[in-house]
Amino acid sequence: MLNAQADRLNNILEKTVPAVLALLSERGKNMFWPAEGILKQAAEAKNTKLNATVGIATRDDGQALTTDSLLKEFSGNLEIFRYAPSFGIRPLRERWREEMLRKNPSLDGTKITLPIVTAALTHGLTVATSLLADPGDSIILPDKFWGNYKLVFEHGFGVKLHPFNFLKKESFDLESFEKTIKTTDGKKIVLLNTPNNPTGYSPTVGEAEEIFEILKRAAEKSPITVICDDAYWGLVFEDGIQKESMFARLANLHPNLLAVKIDGATKEEFAWGLRVGFITFGNSKMCSQAADALEQKIGGTIRGQVSNCSHPSQIAILNALNSSTYEQEKLKNFELLKKRAQKCREILEENTEKFSPFFAPLPFNSGYFMCIELAEEFSAEAVRQELLKKFDTGVIATGQLLRIAFSSVAEKNLAQIFENIFEACKNLSAKSEPPQTSLF
Ligand SMILES: Cc1ncc(COP(=O)(O)O)c(C=O)c1O
């Protein structure tokens, strides 16, 4: 039996966005914002003279009761010690939406839910999965993906990963993408991560248009959810590449398509440890009533999982976003990362012939990383070990790829990393000589 509060939200969704209701998991259908319990009573008592409902400790003057040791870390701001709402602090949610609209002009005029604060992106993905996927459902995603997806989706929720071939030579493999959507049985849930971890590839503007067409065709047949993991949003280093979030167009693409934006301060605001993320839903039939019902389901999920997210972190991000020098400060960081990406390209282009018997780069144009694909004779893990043991060099091995995080290597050291990989491959090569024919 459904809880009456969940039932009420589902009735609203049934009337306003029926396809979105159909896309919810059983857990999502059962979810509600517990407005009628302790929270309601606390809200009703908010302005009372003697309010004994608040679940924090306060000083006699009503300010948060904390310790001097902690207080001095936060320059005397007592507000931050209070709980934040489960939805996140309102000024930050509104400011984030404003930023989202500024950064993604195609969203202009599109009705979306007000972003809700999560404990960064991993938590945002957990909230989305909880509301949208049941055990046994599949998530269609690029075959080059962030390893933690396995833990979140497969191990956390019993959701299967259904990869499509991401890259075909230098391009997004549109054919594999469409075919995988068509041939996946059951509920359709797609995850797009642009810029992509691990490859650092974002679709070109032309490819993005094709992706929208494919998703529209799929939505015409049956309801479909598209989760946009925008962890690396904004770090696009080349012209002709899709800069806007895919969410911007998807949020208004088709009534049968639910677009979910998972983003946050982690990389977009260079604030990894603050743990501030956001989750936002879009659908072409979204209206205030539907948005409110969905926000309550998201808020209820967060309340049940972590109760609420870090208040000081939310205030810090809000203050930074409102600072007059902030954009300039961020631009400097962007330029630094862009120069490193360009340096990688330069090194690889200058050494194509030398490196090609051993490895070749996958296409990259954005994000934190780039990957090289090793020739078949090598095990990526063995090369990684050799790099560690003999060259004091750390990279990530995944499948036949090595992932190089130029985000965390000074430009002047990049050439040495590629040289070390070359030398490590040479050491491991069966003949200790590069093969005669280029494999790439
Ligand atoms: C693609 C992708 N999504 C999500 C995350 C998680 O971000 P957060 O630290 O905000 O949980 C990462 C972090 O590495 C990532 O690479």
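Worth knowing before you read on, the calculation uses all heavy atoms, side chains too, and leaves out hydrogens, waters and symmetry mates. Counting convention: from 1, in listed order, for ligands and their atoms alike. Note that the structure is predicted; figures quoted are calculated from it, not measured.
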Parallel, tilted or perpendicular, as decided by the 30° and 60° cut-offs, for the rings of F237 and F334
tilted
Is a side-chain donor-acceptor pair under 3.5 Å present for N104 with R249?
no
With heavy atoms and a 4.0 Å threshold, my read on which part of T122 contacts ligand 1 is both
Which label fits Y149 and F153: parallel for a plane angle under 30°, tilted from 30 to 60°, or perpendicular past 60°?
tilted
Considering only the protein, which heavy-atom contact is closest to atom 9 (O) of ligand 1, and what is its distance?
R275 NH1, 2.9 Å
Looking at F32, does the NZ or CZ of K297 lie under 6.0 angstrom from its six-membered ring centre and within 45 degrees of the ring axis?
no
Whether F177 and F172 hold their rings parallel, tilted or perpendicular, with breakpoints at 30° and 60°:
perpendicular
4.0 Å heavy-atom contact, F145 with ligand 1:
no
Side-chain (E373) to main-chain (Q400) donor-acceptor, under 3.5 angstrom:
no
Under a 4.0 Å N-O cut-off, is there an ion pair linking R217 with E220?
no
Side chain of W233, backbone of K243: donor and acceptor closer than 3.5 Å?
yes
Between Y232, W146, Y149, which one has a non-hydrogen atom sitting closest to atom 6 (C) of ligand 1?
W146
If you measure from each non-hydrogen atom of W272 to ligand 1, which part falls under 4.0 Å: side chain, backbone, both or neither?
neither
Proximity to ligand 1 by part of H123, non-hydrogen separation under 4.0 Å
neither
Which residue and non-hydrogen atom of the protein lie closest to atom 13 (C) of ligand 1, and at what distance in Å?
K267 NZ, 3.1 Å
Does ligand 1 come near enough to N193 that some N or O of the ligand is less than 3.5 Å from an N or O of the residue?
no
Between E98 and R93 (salt bridge meaning N to carboxylate O under 4.0 Å), is one present in this structure?
no
Best match, D263, D229, T126, N197: closest heavy atom to atom 2 (C) of ligand 1
D229
Counting heavy atoms under 4.0 Å, the part of T266 that contacts ligand 1 is side chain
Polar atom proximity, L121 to ligand 1 (N or O, under 3.5 Å)
yes
Could you tell me whether F369 approaches ligand 1 through its side chain, its backbone, both or neither, with non-hydrogen atoms closer than 4.0 Å?
neither
What atoms of ligand 1 come closer than 4.0 angstrom to any heavy atom of A120?
8 (P), 10 (O), 11 (O)
